[in-house]
Student: 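Attaching a single structure in structure tokens format; questions to follow.
When a ligand or atom number is given, it counts from 1 through the structure's own listing order. All residue numbers in this chain count up from 1 along the given sequence.
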Amino acid sequence: MNTTQLFDVRNKVCVVTGGASGIGLACGEAMAENGARVVLMDIDTARLEEAVARLRVRDLAVSGEVVDVSSRVSLAAAFDTVAGREGGIDVVFANAGVDVGEGFIARDGSRSVEGALENITEEHWRKYLGINLGGVLHTLQEAARHMKPVGSGKIVVTTSIASFCNVGGVGTSYFAAKAAASHLMRQAALELARYNIQVNAIAPGSFATNIAGGHVRVPEVRRILEASNPQQRIAEPDEIKGLALLLASDASSFITGSEIVIDGGALLGPADSGAQHD
Ligand SMILES: NC(=O)c1ccc[n+]([C@@H]2O[C@H](COP(=O)([O-])OP(=O)(O)OC[C@H]3O[C@@H](n4cnc5c(N)ncnc54)[C@H](O)[C@@H]3O)[C@@H](O)[C@H]2O)c1
């Protein structure tokens, strides 16, 4: 295979959960721009319709399905609809995820009462683990159900650098869900390897998306995040596209169970401010 063939995803059927916005939308766009038939799945009907319309104007083969990833039933119905219409499902991005509110440090820097460990409610835990971890499980289950009989497939889970490190300003249940999603991805990779299904994860650092109501794009928040990043900036959603295409194509045929960090070096440690050199 030459390198053009390695990255060829033409006519692949690709599902992206959380595909109406941000990182998921960019993954879907990358696939569609390379000739895949893409189904964006999202809970936000209005945003989904808008995203599908925007891509269709460019003659990209994109459609939408409204789902709630915290419900296996909801996902199963959507996967069946897509498989019935498109003839199968080749690539699945398990990407949907939400912010879970304050961590033990509030956004103004004070200690948060709501985010304190002892005040995390059962309702909060069930709701957010249900989306951020349950959603990944359900998506892996549906992907496996459709890919195993065919004997091939690519699954890409969006985790986070929160799988590897902790900070006080992000809700505690987010870390628990993302770290568990990483390990769940690896277990799925182990189980599905013999069916020629590769399962990997993308672990983003700060991307300018709509998560937490677009909080990362608020200028003073953005400045703090930029200053703490070794590359002195946060990423635009488009910057996920190369990695998405790699993990969705034959170019990654011998990569499985890997979690690839895309964070501008954030996990390396505190940024070099350059102050001594200026
Ligand atoms: N933006 C970042 O800085 C960042 C960093 C690390 C990880 N992530 C992860 O990236 C993924 C995508 O987030 P994003 O930053 O693009 O955010 P985003 O808010 O722009 O997009 C997330 C999408 O998921 C959808 N969604 C939420 N709950 C859903 C549900 N129950 N069922 C179906 N769809 C649902 C939303 O409607 C939205 O369209 C998430 O898993 C997030 O945790 C984001």
Side-chain angles (χ1 to χ4, degrees), residues 15-29 39-52 54 64-75 77-79 92-101 126-139 142 156-165 167 169-171 173-182 184-185 201-218 221-222 224-226 228-229 233-241 243-244 259-264 266-267:
V15 162
V16 188
T17 71
S21 172
I23 290 169
L25 178 55
C27 290
E29 198 176 354
V39 184
L40 305 175
M41 294 190 180
D42 208 283
I43 199 167
D44 186 330
T45 309
R47 201 179 264 171
L48 183 61
E49 283 172 1
E50 193 193 315
V52 169
R54 205 147 27 89
E65 292 288 332
V66 177
V67 301
D68 176 357
V69 295
S70 66
S71 157
R72 172 95 193 259
V73 174
S74 164
L75 264 187
F79 270 66
V92 170
F93 286 89
N95 165 80
V98 290
D99 174 63
V100 305
R126 267 197 297 274
K127 174 178 172 185
Y128 290 113
L129 268 286
I131 300 168
N132 288 336
L133 180 57
V136 174
L137 173 67
H138 300 147
T139 310
E142 285 309 308
V156 185
V157 178
T158 308
T159 56
S160 167
I161 56 171
S163 297
F164 302 96
C165 70
V167 293
V170 174
S173 60
Y174 190 79
F175 293 95
K178 289 297 184 182
S182 296
L184 176 58
M185 174 279 292
I202 289 174
S206 293
F207 275 65
T209 69
N210 290 312
I211 200 161
H215 180 68
V216 284
R217 293 199 307 257
V218 173
V221 176
R222 189 172 182 138
I224 293 167
L225 291 170
E226 286 175 346
S228 68
N229 188 286
R233 65 180 184 85
I234 66 174
E236 293 304 317
D238 269 5
E239 296 186 73
I240 213 78
K241 286 181 170 180
L243 188 48
E259 185 164 17
I260 301 182
V261 172
I262 175 163
D263 70 345
L267 277 185

Student: Examine ligand 1 and decide if any of its atoms is less than 4.0 Å from a heavy atom belonging to S206.
Tutor: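 S206: in contact with ligand 1 (<4.0 Å).
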
Student: Ignoring hydrogens and angles, tell me if any N or O in the side chain of S70 forms a donor-acceptor pair with the backbone of G135 under 3.5 Å.
Tutor: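 Such a contact is absent between S70 side chain and G135 backbone.
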
Student: Contact between L75 and T139 at the side-chain level, heavy atoms closer than 4.5 Å - yes or no?
Tutor: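 Yes - at least one pair of side-chain heavy atoms lies under 4.5 Å apart.
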
Student: Heavy-atom contacts with K178 under 4.0 Å: which atoms of ligand 1 show up? List them by number with element.
Tutor: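 Counting from 1, the qualifying ligand atoms are 40 (C), 41 (O), 42 (C), 43 (O).
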
Student: Would you mind running through ligand 1 and noting each atom that sits below 4.0 Å from a heavy atom of D68?
Tutor: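 Answer for ligand 1: 30 (C), 31 (N), 32 (N).
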
Student: Where is the nearest protein heavy atom to atom 20 (O) of ligand 1: which residue, which atom, and how far?
Tutor: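 Scanning the protein heavy atoms, the shortest distance from atom 20 (O) of ligand 1 goes to S21 OG, 2.6 Å.
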
Student: Out of F207, Y174, F93, who is nearest to atom 3 (O) of ligand 1 when you count heavy atoms only?
Tutor: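 Nearest heavy atom to atom 3 (O) of ligand 1 lies in F207.
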
Student: Is the closest heavy atom of V67 to ligand 1 under 4.0 Å?
Tutor: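 Yes; V67 lies near enough to ligand 1 that a heavy-atom distance drops under 4.0 Å.
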
Student: Any side-chain heavy-atom pair from T158 and F93 closer than 4.5 angstrom?
Tutor: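 No, side chains not in contact.
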
Student: Any idea which atoms of ligand 1 are less than 4.0 Å away from a heavy-atom of G97?
Tutor: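 Reading through ligand 1 atom by atom, the close ones are 22 (C), 40 (C), 41 (O).
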
Student: Would one find an N or O of M41, backbone or side chain, under 3.5 Å from an N or O of ligand 1?
Tutor: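 Between M41 and ligand 1, no N or O pair is found under 3.5 Å apart.
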
Student: Check each of T17, I234, T209 against atom 14 (P) of ligand 1 and report the one with the nearest heavy atom.
Tutor: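 Result: the heavy atom closest to atom 14 (P) of ligand 1 is in T209.
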
Student: Polar-atom distance check: S160 versus ligand 1, any N or O pair below 3.5 Å?
Tutor: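 Looking only at distances, the answer is no, because the N/O contact criterion of under 3.5 Å is not met.
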
Student: If we ignore hydrogens and angles and just use 3.5 Å, is the side chain of E239 paired with the main-chain N or O of E236 as donor and acceptor?
Tutor: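 Yes: the side chain of E239 pairs with the backbone of E236.
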
Student: Check each of V157, V69, T159 against atom 30 (C) of ligand 1 and report the one with the nearest heavy atom.
Tutor: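 The nearest heavy atom belongs to V69.
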
Student: Can you pull out the closest protein heavy atom to atom 29 (C) of ligand 1? Residue, atom name and distance to 0.1 Å, please.
Tutor: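 Ranking protein heavy atoms by distance from atom 29 (C) of ligand 1, first comes I43 CG2, 3.6 Å.
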
Student: Can you find a pair of side-chain heavy atoms, one from M41 and one from V15, that are under 4.5 Å apart?
Tutor: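 With C-beta onward as the side chain, the pair touches.
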
Student: For D42, is at least one N or O under 3.5 Å away from an N or O on ligand 1?
Tutor: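 Yes, at least one N or O pair falls under 3.5 Å.
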
Student: Tell me whether ligand 1 is touched by A235 - counting only heavy atoms on the residue side and a distance under 4.0 Å.
Tutor: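 No, that is not the case, since the closest heavy atom of the residue is not under 4.0 Å from the ligand.
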
Student: Measure the distance from atom 24 (O) of ligand 1 to every protein heavy atom, then report the residue, atom name and distance (to 0.1 Å) of the closest one.
Tutor: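 It is G18 CA, 3.3 Å.
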
Student: Evaluate V98 for polar contact with ligand 1, using N/O atom pairs at a separation under 3.5 Å.
Tutor: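 N/O-N/O distance below 3.5 Å does not exist for this pair.
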
Student: Considering only non-hydrogen protein atoms, determine which one is nearest to atom 4 (C) of ligand 1 and report residue, atom name and distance to 0.1 Å.
Tutor: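 For atom 4 (C) of ligand 1, the nearest protein heavy atom comes out as G205 O, 3.8 Å.
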
Student: Flag yes if more than 12 heavy atoms outside K127 fall under 6.0 Å of its NZ atom; otherwise flag no.
Tutor: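 No, not enclosed.
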
Student: Please test E259 against T159 for side-chain contact (heavy atoms from CB on, under 4.5 Å), starting from the C-alpha separation and ending with a verdict.
Tutor: CA-CA 8 Å; E259 185 164 17; T159 56; 2.4 Å; yes

Student: Please write down residue, atom name and distance for the protein heavy atom closest to atom 6 (C) of ligand 1.
Tutor: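 That would be P204 O, 3.2 Å.
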
Student: Quick check on contacts: which atoms of ligand 1 are under 4.0 angstrom from a heavy atom of I23?
Tutor: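 Ligand 1 atoms under the 4.0 Å threshold to I23: 10 (O), 16 (O), 44 (C).
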
Student: For the 3.5 Å polar cut-off, considering only N or O atoms, please tell me whether I211 and ligand 1 meet it.
Tutor: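 Right, the criterion is met.
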
Student: Only heavy atoms of D44, strictly under 4.0 Å: list the atoms of ligand 1 that pass.
Tutor: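 In order of number, 37 (O).
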
Student: With heavy-atom distances below 4.5 Å as the criterion, would you say the side chains of N210 and R47 are in contact?
Tutor: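 Side chain of N210 against side chain of R47, heavy atoms only: contact under 4.5 Å found.
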
Student: Looking at N95 and G18, would you say the former's side chain and the latter's main chain have a donor-acceptor pair under 3.5 Å?
Tutor: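 Between the backbone of G18 and the side chain of N95 there is a qualifying donor-acceptor contact (under 3.5 Å).
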
Student: Where do R233 and N229 land on the side-chain contact (heavy atoms from CB on, under 4.5 Å) test, with the steps shown first?
Tutor: CA-CA 6 Å; R233 65 180 184 85; N229 188 286; 5.5 Å; no

Student: Are side-chain heavy atoms of E142 and T17 found at a separation under 4.5 Å?
Tutor: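 Side-chain contact under 4.5 Å: no.
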
Student: Judged by atom type as modelled, is there a donor-acceptor pair below 3.5 Å linking the side chain of T209 to the main-chain atoms of I23?
Tutor: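 Side chain of T209 to backbone of I23, a donor-acceptor pair under 3.5 Å: no, none is there.
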
Student: What protein heavy atom sits nearest atom 10 (O) of ligand 1, and how far away is it?
Tutor: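 The answer is T158 CG2, 3.3 Å.
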
Student: What atoms in ligand 1 come closer than 4.0 Å to a heavy atom of G22?
Tutor: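 Atoms satisfying the 4.0 Å criterion: 16 (O), 20 (O).
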
Student: What about A20: any of its N or O atoms under 3.5 Å from an N or O on ligand 1?
Tutor: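 No, no N or O pair falls under 3.5 Å.
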
Student: Any side-chain heavy atom of F207 sitting closer than 4.5 Å to one from I262?
Tutor: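 Yes, at least one pair of side-chain atoms sits under 4.5 Å.
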
Student: Is there a donor-acceptor pair under 3.5 Å between the side chain of N132 and the backbone N or O of A177?
Tutor: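 No; zero donor-acceptor contacts below 3.5 Å.
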
Student: Under 4.5 Å between any side-chain heavy atoms of V170 and F175, yes or no?
Tutor: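 Contact flag for V170/F175 side chains = yes.
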
Student: So which protein heavy atom does atom 11 (C) of ligand 1 come closest to, and at what separation?
Tutor: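 Of every protein heavy atom, N95 O, 3.2 Å lies nearest to atom 11 (C) of ligand 1.
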
